[in-house]
There are 2 protein chains.
Amino acid sequence: MNISDVAKATGLPVKTIRYYEDIDLITPGRGENGYRRFSVQDQHRLAFIGRARSLGFSVEACRSLLLLYNDRDRASADVKRIAREHLAEIERKRDELTQMRDTLFQLISACAGNDRPDCPILADLASGDGS
Amino acid sequence: MNISDVAKATGLPVKTIRYYEDIDLITPGRGENGYRRFSVQDQHRLAFIGRARSLGFSVEACRSLLLLYNDRDRASADVKRIAREHLAEIERKRDELTQMRDTLFQLISACAGNDRPDCPILADLASGDGS
DNA sequence: CTTGACCTTCCAGTTACTGGAACCCTTATG
DNA sequence: CATAAGGGTTCCAGTAACTGGAAGGTCAAG
């Protein structure tokens, strides 16, 4: 399979797949013409990465997860630990966004949004008595 | 005021303040020794930026907000539009994180987290029948 | 034989800083 | 007066994870 086929199959952009080879997440073979040739394992690996990325795992976390995935002697505790750390980070970010959302919502509600200059949003940013 | 004083006053790192000058968000004066001299307006401007950033506005959005802030003929509608677009983006990201959190939570709950290799987290990443 | 769709590599840009090196200025102290 | 600590300065490089674009090789069809 050529790169664009794998791109279609995995939903990953061609550029991204090349990038993943660049950072040694995958090592596809090469044909006589220099084109990358992707095996079923390569595809599988890329799909794995794509799903892990869509769960927000960093590329380095994906690397660790792939290592564990290919390690028959792994302990599920190691996987779980990585996932839990990631979940904690996601919850932290989500809480931050929730806080931002609430504050922004307040400010937006208070703003007339007309052609006059008075604006509670700017007033808050200027004075910082917002939250 | 020297840069470290303003850093203390605004809570922004010294490096960040220099960076903001670099990208022309602020233009502090200079003393005879070449040191930046920050006026009260400079401080005020930096505090404004710091608060906008803490609400998640991008640096470019901060630039727009500062322009509006210094425009006596602004329309609050323009500020409100920027804030609403930003809020929409925040909600989008938050929804994404919520989705990730829920899926991760399911997977983590299903994982024994012991010294055995069986792992629903890896199984899901490998097969993609997770959500 | 040319056109168009592939493929290749390499370089640069994105966001918003952050770390570090090399060096200058100021103030206090032995 | 020398020096050491603690400011300040510039400039360069790196971060994360791609993404866009240029320049050029390859392949199948008409």
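Quick note on labels: first sequence line is chain A, next is B, and so on, each numbered from 1.
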- When you look at B:L87 and A:M100, which way does the side chain to side chain contact (heavy atoms under 4.5 Å, CB included) test go after all the steps? CA-CA 8 Å; B:L87 177 58; A:M100 287 178 186; over 6 Å; no
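Taking the six-membered ring where tryptophan is involved, the planes of A:H44 and A:Y69 are perpendicular, since the angle between them exceeds 60° and thus also 30°.
Listed in residue order, the members of residues 36-44 of chain A having a heavy atom less than 4.0 Å from DNA chain C are A:R36. Interface residues of residues 23-33 of chain A facing DNA chain D, ordered by number: A:N33; criterion, heavy-atom separation under 4.0 Å.
You'll find the side chain of A:R53 reaches within 4.5 Å of the side chain of A:I49, heavy atoms only. Contact of the B:M1 side chain with the B:D42 side chain is not registered, since no non-hydrogen atoms from C-beta on lie closer than 4.5 Å. Proximity of B:V6 to B:L12: side-chain heavy atoms (C-beta onward) are nowhere separated by under 4.5 Å.
Residues passing the side-chain contact (heavy atoms from CB on, under 4.5 Å) test with A:Q41 are A:S39, sequence neighbours excluded.
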Please list, for nucleotides 2-6 of chain D, all pairs of protein and nucleotide N/O atoms separated by less than 3.5 Å.
none

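With respect to B:E89 and B:R92, a salt bridge is recorded, a charged nitrogen being found less than 4.0 Å from a carboxylate O. Salt-bridge check for B:E91 with B:R94: failed, with every basic side-chain N at 4.0 Å or more from each acidic carboxylate O. Between A:E96 and A:K93 there is no salt bridge, since no side-chain N of the basic residue sits under 4.0 Å from a carboxylate O of the acidic one.
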- Between protein and nucleotides 15-20 of chain D, map the contacts as a letter string: B base, S sugar-phosphate only, - none, heavy atoms under 4.0 Å, written 5' to 3'. --BBSB
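Taking every heavy atom of both residues into account, B:I90 and B:L55 meet most closely at CD1-O, 3.8 Å. Residue B:K80 comes nearest to A:G113 through the heavy atom pair CD-CA, 3.6 Å, listed as atom of the first residue, atom of the second, then distance. Considering all non-hydrogen atoms of both residues, A:C119 and A:C111 come closest at SG-SG, 3.9 Å. Here the shortest heavy-atom pairing between A:T10 and A:Q43 reads CG2-O, 4.0 Å. When all heavy atoms are compared, the tightest approach of B:C62 to B:A52 is SG-CB, 3.6 Å.
Between A:I3 atom CD1 and C:dA5 atom P there is a gap of 19 Å when expressed in whole angstrom units. Atom pair A:E21:CD and C:dC10:C1' shows a separation of 14 Å (rounding to whole Å applied). Atom CG of B:D22 and atom C1' of C:dA16 are 12 Å apart (whole Å). Look at CZ on B:R63: it is 12 Å from C1' on C:dA16, rounded to the nearest Å.
Side-chain contact check for B:S76 and A:N114: at least one donor-acceptor pair (N or O, by modelled atom type) lies under 3.5 Å.
Between its two ends, the helix from C:dC1-D:dG30 to C:dG30-D:dC1 turns its axis by 30°, counting five pairs per end and rounding to 10 degrees.
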